[in-house]
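A note on names: the letters A, B, ... follow the listed sequences, proteins ahead of strands, and every chain is numbered from 1.
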Amino acid sequence: MTNRDIAAIFDRIADLLEFQSANPFRVRAYRNGARKIGDLNEPLSATAESDGGLTSIDGIGKDLAEKIATLLKTGSLPMLDDLLADIPATVLAILRVPGLGPKRAAIIHNELGVNSLEELRKACESQQVRDLKGFGTKTEQTILKGIDIAAQADVRTKWAKADVVAQELLKHMQGIAGVRRMQMAGSYRRGRETVGDLDLLIDADDGGAAMTRFGEFPSVKEVIVRGGTKMSVRLDSGLQVDLRVVPERSFGAALQYFTGSKDHNVEIRSRAKQRGMKVNEWGVFKVEGEEETYLAGATEEEIYATLDLPWFPPEIREARREFELAEAGPLPKLIKLEDIRGDLHMHTNASDGKATLEEMAEAAIDRGLEYIAITDHSQRVSMANGLDGKRLLNQWKAVDKLNDQLAEITLLKGIECDILEAGGMDLPDEVLAQADWVIASVHYGQNQPREKITERILGALENPYVDIVAHPTGRLINRRERYEVDIEAVFAAAAKHKKMLELNANPARLDLDDVHCAAAKRHGVPIVISTDAHHTGGLDVMRYGILQARRAGLTANDVANTRTFAKFKKLLGE
DNA sequence: GCCGTTTTCGGCCCGACTGTTTTCAGTCG
């Protein structure tokens, strides 16, 4: 039972309890517990053995600790089984319909016996829903529309794709009279690898003109709501975009609030409350009896300052460790794109890349890089025309030659060498020994059991010629789950053998993720952020990796390829 | 269900909008 399994079970319990209209704070306790477990860097089994035990985890009390212990021991939980005996698991899909919350979902289930999205659709179409107490024809229509959205709404939009929409929208909204400031907020601003929707915030006294322009954005499919200060639309792609208009003195408060995360805000507001203040999207207010006095709100900085907190970079506003960090002293200076000096994972047309060696080198020079590693696939990846030892040695001769010609950049002779299904490397040691930079990757046998995959990766880390393991969990966002691997063992082995681990900047990978990167840092393992470019434009994905690294709280010092080449070589132990 | 510099009970963030209501519950973010 992994941490992820247990977190998923707690989330499921929260759903089921919510459906039963249980105490909302009890529901929150389960959701909060699930999130804390998801953020945890060590396996719960290890925490259970440690000094403080499971209750040392913030948000895990006696009860949840016992449930975790039961899950670890038996793999199941009587309480969950009881809940599932009362509620068919399929009704949980009903909860995902926008506009249907736990209360109404429960009414529909109890009164009409609806157990699935399909039955819900039939109930709406036969106009049974409108006669329920608290429902009406409008609600029935909203639910019908929501069913279609729920059916496809499982997939969150990758950040890079949302970024394209965000930039188009900002451009579309330029030059509206009366608009003083404009900024995207939400999980997009926090740089999450995927976003659920987009939030646009506007500083203006009257939102009318902005809302009208907003509604004219070409890909708007429908307007969901439009009030005095708030408007929501759905785009053709299904992505929802929210617009909020606030006056100048509230812009910072609204930006802070709509950037989130939700849990970060809960913490902020709790802290305000303790000090006799109140924080909402309109500002920070001093509360004395019925009297509320505006204290701050025009900028985020003044909001935080009023609470004696530093301005937090949006990427770390997840209520993980940021408040702890703030109390310990100045916040760490998070890594920036400009800190990157090298790119150590890229392909050429020798394997499955599109550009030549020379073109990749030129493109890297254009982007101001000081060193790159050429790392085509090894022979096992036949589909990608992977290189055998002979072809590889020939490519390295070409690299040597090009290195002599190019003064601006240093090329490393590298290889992305497969870790074979049976274990061991895809190329002999005598070849790998001649490389400047050896990446080890799992591409095949991703469905093997956890022990086997872990053993393969640990074997690669023990190989003296391997420098780094690339995309260590193999996940592809929205497409493929990570393979089963004891990632803690990987961190420990990397630390022991003084190897590095990759944060692959490709927006579909971003693997290691933020939580893993933070764990790797704790183990003292250097992270390398790489583009894995397969064409010259692929070198531009570095910025997505930077966002992920910032979310992990990494500084330039934590990332090996921010070093000058000389210092990087020292890190390599050469 | 969790938690404690107003500690073991009584809190737990806050507001906009909609639809179905005659003053508010439900949902969402």
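Contact annotation for A/I268: no contact, since no heavy-atom pair falls under 4.0 Å across all strands. Base engagement by A/Y257 is indicated by at least one non-hydrogen atom pair under 4.0 Å involving a base atom. Within 4.0 Å (heavy atoms only), A/G228 reaches sugar-phosphate atoms of the nucleic acid but no base atom. Base engagement by A/R28 is indicated by at least one non-hydrogen atom pair under 4.0 Å involving a base atom. In this structure, A/R26 reaches the bases: a heavy-atom distance under 4.0 Å links it to at least one base atom across the strands shown. Counting non-hydrogen atoms under 4.0 angstrom, A/D58 reaches the backbone sugars and phosphates but no base. Within the 4.0 angstrom heavy-atom criterion, only backbone atoms of the sugar-phosphate kind lie near A/V97; the bases stay farther away. Counting any heavy atom pair closer than 4.0 Å across all strands shown, A/T229 reaches sugar-phosphate atoms only and no base atom. As judged by a 4.0 angstrom heavy-atom cut-off over every strand, A/T259 is placed among residues making no nucleic acid contact. Within the nucleic acid shown, A/K262 comes within 4.0 Å of at least one base atom, counting heavy atoms only. Nucleic acid contact class of A/P24 (heavy atoms, under 4.0 Å, all strands): none. Across all strands shown, A/V27 has no heavy atoms under 4.0 Å from either base or sugar-phosphate atoms. Across all strands shown, A/K67 has heavy atoms under 4.0 Å from sugar-phosphate atoms exclusively, and none from any base.
Nucleotides B/dT21 and B/dT27, compared at atom P, are 15 Å apart to the nearest Å. Here, B/dG4 and B/dC13 have their P atoms 14 Å apart, quoted to the whole Å. Here the separation of B/dC17 from B/dC12, taken at their P atoms, is 25 Å to the nearest Å. Look at the C1' atom in both B/dA16 and B/dC3: the space between them is 30 Å, to the nearest Å. Between the P atoms of B/dT22 and B/dG26, the separation comes to 14 Å (whole Å). B/dC14 and B/dT5 are spaced 25 Å apart, taking the C1' atom of each and rounding to whole Å. Comparing B/dT6 with B/dG11, their C1' atoms are spaced 12 Å from each other, to the whole Å. Separating the C1' atom of B/dT20 from that of B/dA25 is a span of 9 Å, rounded to the nearest Å.
Taking the O4'-C1'-N9-C4 or O4'-C1'-N1-C2 dihedral as appropriate, B/dT5 has a value more than 90° from 0 and is therefore anti.
From A/I176, atom CD1 reaches atom CZ of A/F214 across 10.5 Å, with rounding to the nearest 0.5 Å. Atom CG of A/L309 and atom CD of A/E267 lie 8.5 Å apart (nearest 0.5 Å). Distance check: A/L239 CG to A/L235 CG gives 5.5 Å after rounding to the nearest 0.5 Å.
For the salt bridge (charged side-chain N to carboxylate O under 4.0 Å, His left out) with A/D514, the lone residue among A/R192, A/K521, A/R320 that qualifies is A/R320. For the side chain to side chain contact (heavy atoms under 4.5 Å, CB included) with A/R509, the qualifying choice from A/I477, A/L476, A/L503, A/V541 is A/L476, the only one to do so.
Mapping A/N265 and A/L95 onto DNA chain B via the closest heavy atom, the residue that lands nearer the 5' end is A/N265. Toward the 5' end of DNA chain B, the nearer of the two residues A/T139 and A/E281, judged by each one's closest nucleotide, is A/E281.
No donor-acceptor distance shorter than 3.5 angstrom exists from the side chain of A/S250 to the backbone of A/A253, with no hydrogens or angles considered.
Geometric assessment of A/R551 against the ring of A/W159 yields a negative cation-pi assignment under the 6.0 Å and 45° thresholds.
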Could you give the side-chain donor-acceptor pairs of residues 196-210 of chain A under 3.5 Å, partners two or more places apart or in another chain?
from	atom 1	to	atom 2	distance (Å)
A/D203	OD1	A/R180	NE	3.0
A/D203	OD1	A/R180	NH2	3.0
A/D203	OD1	A/E248	N	3.2
A/D203	OD2	A/R181	NE	3.0
A/D203	OD2	A/R181	NH2	3.1
A/D205	OD1	A/R180	NH2	2.9
A/D205	OD2	A/R180	NH1	3.2
A/D206	OD1	A/G208	N	3.1

Please table the atom pairs, donor to acceptor, closer than 3.5 Å between any side-chain atom in residues 44-51 of chain A and protein atoms at least two apart or in another chain.
from	atom 1	to	atom 2	distance (Å)
A/T47	OG1	A/E42	OE2	3.0
A/T47	OG1	A/P43	O	3.3
A/S50	OG	A/T47	O	2.7

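When Watson-Crick and G-U wobble pairs are counted only if both distances are under 3.5 Å, B/dT8 pairs with no nucleotide at all.
Taking every nucleotide of DNA chain B with any atom under 4.0 Å from a non-hydrogen atom of chain A, the first and last of them, 5' to 3', are B/dG1 to B/dG29.
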